[in-house]
Amino acid sequence: YGDFSNPTPAPITIIPQNRTLSAISLGGGHVCSILDNGSVFCWGGGRNGQLGDGTHSNTSTVGNYVPLPAGRTAISISSGVRHTCTILDDHSTWCWGNNTEGQIGDGTSVPNTGEANWEHNHPSSPVAVSVPAGVEFAAISAVKTILVLLQQTVRYGAGAVMVVAS
């Protein structure tokens, strides 16, 4: 997890060549970012699928692009402990990773079965968050996944603090 004896900031060198960061979100052992072209790029621990690249790899030290729907770009991103969500330019929201408490927002959950590698059952690629027709998201916080709609708030997963949009 790093050497904290030298608090000098270090540049992030994992970003693809000829790209810059537009946004960054730190989860519990993984990092996801929006690059200057609107793509999503993640690295770090991925055992629960939180890297969004379709794998359940223990660690990615090179980083991977997250496949977004065709023609879409990310405008906002937020990482929870073991999952990440992003709002796209059409205001749809997509999440991936740990879904033990339903925090992915698709109406499902993946209970801890205690089996070896049970965490490999979590979605490792983006899954569309289920919402009524015409609903658009304005902001997101993936601690337990709180989505702020343009006029109201929806909560996915347990234990979230409710936020009301004005």
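Distance check, rounded to the nearest 0.5 Å: NE2 of His83 to NE2 of His122 gives 11.0 Å. Of the inter-residue distances, the one linking Ser57 atom OG with Gln50 atom CD reads 8.5 Å to the nearest 0.5 angstrom. Atoms CG and CG, from Asn99 and Asn121 in turn, are 11.0 Å apart once rounded to the nearest 0.5 Å.
Taking the side chain as every heavy atom from C-beta outward, Cys95 and Val127 never approach each other to under 4.5 Å.
Heavy atoms only, all atoms of each residue included: Ile104 and Pro123 are closest at CG1-CG, 4.0 Å. Scanning both residues, Pro126 and Val66, for their nearest heavy atoms gives CG-CG1, 3.4 Å. Summarising the geometry of Ser124 relative to Trp96, their closest heavy-atom pair is C-CB, 4.4 Å, with the distance given to 0.1 Å. Closest heavy-atom contact between Cys32 and Thr84: SG-OG1, 3.7 Å. The two residues Gly102 and Ser109 come nearest to each other via the heavy atoms N-CB, 3.8 Å. The two residues Ser79 and Ser25 make their nearest non-hydrogen contact at N-OG, 2.7 Å.
Judged as a side-chain contact (heavy atoms from CB on, under 4.5 Å), and not counting sequence neighbours, the contacts of Thr59 are Thr61. With sequence neighbours left out, the side chain to side chain donor-acceptor pair (under 3.5 Å) criterion links Ser92 to Asp90, Trp94. Residues satisfying the side chain to side chain donor-acceptor pair (under 3.5 Å) criterion with Asn98, sequence neighbours excluded, are Asn48, Thr100, Gln103. Partners of Ser60 according to the side-chain contact (heavy atoms from CB on, under 4.5 Å) rule, which considers only residues two or more places apart in sequence or in another chain, are Leu51, Val62, Asn64.
Residue pairs meeting the salt bridge (Lys or Arg N to Asp or Glu O under 4.0 Å) criterion with at least one member in residues 46-69, sequence neighbours excluded, are Arg47-Glu119. Residue pairs meeting the salt bridge (Lys or Arg N to Asp or Glu O under 4.0 Å) criterion with at least one member in residues 27-45, sequence neighbours excluded: Arg19-Asp36. Residue pairs meeting the ring pair (Phe, Tyr, Trp, His ring centres under 6.0 Å) criterion with at least one partner in residues 12-34, sequence neighbours excluded, do not occur; the list is empty. Among residues at least two apart or in separate chains, there is no salt bridge (Lys or Arg N to Asp or Glu O under 4.0 Å) pair with a member in residues 56-68.
Other residues sharing the hydrophobic cluster of Leu26, ordered by chain and number and joined by side-chain separations under 4.5 Å: Ile12, Ile14, Ile15, Leu21, Ile24, Val31, Leu35, Phe41, Trp43, Tyr65.
Side-chain atoms of Thr73 never come within 3.5 Å of backbone atoms of Ser39 as a donor-acceptor pair (strictly under, hydrogens ignored).
Tracing side-chain contacts under 4.5 Å through hydrophobic residues (I, L, V, M, F, W, Y), one reaches Ile77 starting from Leu88; they form part of the same cluster.
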